[in-house]
Asker: 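So that we are looking at the same thing, I have put the structure below in structure tokens.
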There are 2 protein chains.
Amino acid sequence: MATTGTDLSRMREMNMLSIVWALRGNPPSTVTELAGRAGLSRPAVDVLVQSLVTDGWAEVEEPGANSVVGRPARRFRFRADAGHVLGIDIGVHKILVMLSDLEGNLVHTLRRPVDPEAAPEARFAAVDRAIDKVLRSAGMAPADIWAVTVGVTGPVDASGRTTISTPLPGWLTADPVAHLAARFACPIQVENDCKLAAVAERWKGVASDADDIVFLLAGLRTGAGLILDGALRRGHGGAAGEIGALKAVRWLSAPAHLETCPGVPATAAPGEAAAWVFQAARDGDRQARTAVRRYTRDLAVGVAALVLALDPQVVVYGGGFSRSADVVLEPLRQELTKHCLRLPELRASTLGDESVALGAVRLALDEVDSRLLSDGLAAPTAPRRDTSRNDAN
Amino acid sequence: MATTGTDLSRMREMNMLSIVWALRGNPPSTVTELAGRAGLSRPAVDVLVQSLVTDGWAEVEEPGANSVVGRPARRFRFRADAGHVLGIDIGVHKILVMLSDLEGNLVHTLRRPVDPEAAPEARFAAVDRAIDKVLRSAGMAPADIWAVTVGVTGPVDASGRTTISTPLPGWLTADPVAHLAARFACPIQVENDCKLAAVAERWKGVASDADDIVFLLAGLRTGAGLILDGALRRGHGGAAGEIGALKAVRWLSAPAHLETCPGVPATAAPGEAAAWVFQAARDGDRQARTAVRRYTRDLAVGVAALVLALDPQVVVYGGGFSRSADVVLEPLRQELTKHCLRLPELRASTLGDESVALGAVRLALDEVDSRLLSDGLAAPTAPRRDTSRNDAN
DNA sequence: ATGAATTAGTAAACTGCTCAGCATTATCCA
DNA sequence: TGGATAATGCTGAGCAGTTTACTAATTCAT
């Protein structure tokens, strides 16, 4: 709690930022509205917003048709297109690149399938092509990007490496930060996919009202991401949420209950097998229902461990299996009731497989915001990454 | 991230607080030193500290023996005795009351044994007597107390009740806040004992350097308290850390391995039995070592679940058994190595059974600080509790 | 069409804070 | 006793935001 002294210039900077916050994410606003939102007087807001306009952070919209009485007000709009960020999901089967403006509006999205067996070099090459395509479609250069966040499977350490375990072949030696640094001078961040999905769920998903969230990435692999007190919980070594590694938690083998369910067509791929079982369970097939129940039972142990450890407000069921949440949530609730002291709300994700890239976008935007908070807002330009981070070879 | 606008008066308040922060916990300081610490100019600090003195928050120490050349500087000292807080541990076997000044110096400590079977009324009566005695010895009245925090066993909800489970007989219907409110008009807080002990370890204990801590309260009961990103993690319903409730985690039965160890003198009380086993294990007794290993194995599952879920920097082994940490920590480390992805540091608590009351003091001081931050610092007087909280009958 | 009502924009006066610089004061040391 | 040194006290300049009052632009009712 080291409060540090303030002077006038810092105060002006803070008030400037409070205007930006009040401007962003709202429809074009009048000075009076902004004054109310930011808790400042009208004249003060006037000069602040004036200088935001000259700096290029905001723009005026001259009054047009106006149905209220009185002199029509100019409306100011945050220039969301002053900068952009990239959110990238490097998955096992697909690569998803999202280009977003500073307000979080998605300007461009590109999905590309990728060979699950592809080596890191091939995967990076596919990522590069996807990025190129997105930038080209948007008419932008890498220098126009203010921050990049990448999501990968497996726990990620502070340098962006995945050193413990990952289903991506050869990824233990891959260094995404170094690879992207060759093209982007802006801050680059790598984060675990479950954590990013959790962030997305709180941003634009089903848990936007909650501050304490356990997010479950359920699919052929199972993982978890935690948001506590509104902030992403990374863990001291970046490995928070890896409860699946506990032997008593059978997350590794849980999906097998679905794949080995009697009656699954022999031709089905692993992911399709699970979908078939869920559908069959929905239709009342006894064996399928049993398989789902067994899957749920294994799943529940790990969820219960997280719930007991953290006592969250909401558990979000997301990932590839979340489309079948209707047949999973109720049995899961029953299992959790057995284990937990206090049952949190259970919700199904609606973001589907875009959640990871979306969370990456949000984290990149957060990075931009934190720069603004610490460095203040000069004219809008792409920030440069700390060179001190490059020594992480 | 709702930054709100600031004006001059707020700025002065913040600078005033930054002076208080710079003053507190330091030896009497000169204006120049304070200016450096607070990042303000010397004249500014001068008038601020002046008004702190007239308000009663600080006092001057006229220069005495001074070995440096030049005009001797006045030194200012935070008036830590301007207010006091109480930290109270209502345990199964004992009641511990600590009276602390605003700097966290313990002015008075009183420990009283209590019948483990005592009903809430009797326990409250004992608490009242202890408080009376402490206040009398310090020559204070209840009105001189600025905040009270109480530690009890079992998960505590927002109203201070323990509704789920507790080893204190009859406690499910007890309302410590209501009881204390009859005598104290200041803010009253009730918190779980493990959580308070965790706070104490980070404050004055063995984990003062860490921001992510799993604290283990090991004794005849086993519990955990979590500190994440430097803040106490309560959980949405106040039940964070209750991993012991999971069936796969055998925390309830774990201490039984010690009590049923062959060779324990039949006359020993439960607590003494464990101590005897630890001592025997230390002396090389095979059966005792086996019992300790079994105890540790059960303990480790729950710890591993917390470590995997949160990836903390440090695990602190505290509680009644922490005196025997020397025979527990090494086997515990070995067990954790089997379960965990990344092994955190393992440390033994040194605060003994004072940790709960000490954590209560820290939380009471935090309450005082947060009032200062939100309400600003008028003349130092005891704050009054929000009456809006009394409706929780 | 005209004036009242209403709201937005703008200018001036005022408050309160920080800061830079200089004069003053208290102490040590030769 | 007279420098040297370092802290204190004071004054004026500058700055940001608030308040107040006034002017400008628009709608609505008469």
Side-chain angles (χ1 to χ4, degrees), chain A residues 3-20 22-23 27-55 58-77 376-377, chain B residues 3-20 22 27-55 58 60-77 376-377:
Chain A
T3 314
T4 182
T6 316
D7 64 353
L8 281 297
S9 67
R10 177 77 194 138
M11 174 170 125
R12 184 185 170 83
E13 210 147 68
M14 287 172 56
N15 286 347
M16 204 104 158
L17 283 169
S18 86
I19 298 291
V20 169
L23 221 41
S29 316
T30 68
V31 172
T32 312
E33 289 167 358
L34 290 174
R37 265 182 237 142
L40 296 172
S41 71
R42 211 154 42 85
V45 172
D46 196 84
V47 324
L48 288 171
V49 90
Q50 223 54 266
S51 87
L52 282 176
V53 169
T54 60
D55 280 358
E59 56 192 2
V60 209
E61 179 181 275
E62 288 303 334
N66 206 318
S67 63
V68 289
V69 76
R71 173 174 179 169
R74 290 169 305 175
R75 296 191 164 266
F76 292 88
R77 172 210 324 270
L377 20 76
Chain B
T3 313
T4 181
T6 317
D7 65 350
L8 283 298
S9 64
R10 178 77 194 136
M11 174 170 127
R12 183 187 168 82
E13 211 147 66
M14 286 171 57
N15 286 347
M16 206 103 157
L17 283 168
S18 86
I19 298 292
V20 169
S29 315
T30 68
V31 173
T32 313
E33 287 166 1
L34 290 174
R37 262 182 239 142
L40 296 173
S41 71
R42 207 166 44 79
V45 172
D46 196 84
V47 324
L48 288 171
V49 89
Q50 223 55 263
S51 87
L52 282 177
V53 169
T54 61
D55 280 357
V60 208
E61 177 182 276
E62 288 304 334
N66 206 318
S67 62
V68 289
V69 79
R71 176 176 178 168
R74 291 167 307 175
R75 297 190 162 268
F76 293 88
R77 171 209 325 269
L377 18 78

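We name chains A, B, ... by the order of the sequence lines, and we start the count at 1 in each one. Remember, predicted model here, so these are calculated numbers, not experimental data.
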Asker: In whole angstroms, how far is the P atom of D/dC15 from the CE atom of B/Met11?
Answerer: 14 Å
Asker: Please determine whether a side-chain nitrogen or oxygen atom of A/Thr32 lies at a distance below 4.0 Å from atom OP1 or OP2 of C/dA8.
Answerer: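 Yes, such a contact exists.
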Asker: Whole Å only: how far is the CZ atom of A/Arg10 from the C1' atom of C/dC19?
Answerer: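 Computing the A/Arg10:CZ to C/dC19:C1' distance gives 19 Å.
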Asker: Which nucleotide sits closest to the side chain of A/Pro43: C/dA11, D/dT8, C/dC19?
Answerer: C/dA11
Asker: Rounded to whole Å, please give me the gap between CG in B/Asp46 and P in D/dC10.
Answerer: 9 Å
Asker: Working to the nearest 0.5 Å, report the span between CZ of B/Arg10 and CE of A/Met11.
Answerer: 12.0 Å
Asker: For A/Gln50 and D/dA16, give me the distance from atom CD to atom P, rounded to whole Å.
Answerer: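 Computing the A/Gln50:CD to D/dA16:P distance gives 15 Å.
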Asker: Could you measure the distance from the CG atom of A/Leu23 to the CG atom of A/Leu17? Nearest 0.5 Å is fine.
Answerer: 12.0 Å
Asker: Measure from CD on B/Glu13 to C1' on C/dG16 and round the result to the nearest Å.
Answerer: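 B/Glu13 atom CD is separated from C/dG16 atom C1' by 14 Å.
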Asker: Looking at A/Asn15, does any N or O in its side chain come under 4.0 Å of the phosphate oxygens OP1/OP2 on D/dA16?
Answerer: no
Asker: How many whole angstroms separate atom CG of A/Leu8 from atom P of D/dC15?
Answerer: 9 Å
Asker: How many Å lie between CZ on B/Arg12 and P on C/dC19, as a whole number?
Answerer: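 B/Arg12 atom CZ is separated from C/dC19 atom P by 13 Å.
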Asker: Is any side-chain heavy atom of A/Leu40 less than 4.5 Å from a side-chain heavy atom of A/Ile19?
Answerer: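 The answer is yes; the side chains approach within 4.5 Å.
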Asker: Check every atom of D/dT19, C/dG9, C/dC19 against the side chain of A/Ala73 and return the nucleotide holding the closest atom.
Answerer: C/dG9
Asker: With nearest nucleotides of DNA chain D determined for A/Ser9 and A/Arg42 from heavy-atom distances, which residue corresponds to the more 5′ nucleotide?
Answerer: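 Nearest nucleotide further toward 5': that of A/Ser9.
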Asker: Should the side chain of A/Arg74 and the base of C/dG9 be counted as holding a donor-acceptor pair, with the cut-off at 3.5 Å?
Answerer: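 No such pair is found, so the answer is no.
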Asker: Would you indicate what B/Val31 reaches in the nucleic acid, counting non-hydrogen atoms under 4.0 angstrom: base, sugar-phosphate, or nothing?
Answerer: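 Here B/Val31 touches the backbone only, sparing every base.
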Asker: Taking the side chain as everything from C-beta on, heavy atoms only, tell me whether A/Ser29 gets closer than 4.5 Å to A/Arg37.
Answerer: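 Heavy-atom side-chain distance check passes, below 4.5 Å.
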Asker: Kindly point out which of C/dT10, D/dT18, C/dC19 is positioned nearest to the side chain of B/Ala44?
Answerer: C/dC19
Asker: For the pair made of CG in A/Leu48 and P in C/dG9, what is the distance, rounded to whole Å?
Answerer: 15 Å
Asker: Nearest 0.5 Å please: distance from the CZ atom of B/Arg74 over to the CG atom of B/Asp46.
Answerer: 5.5 Å
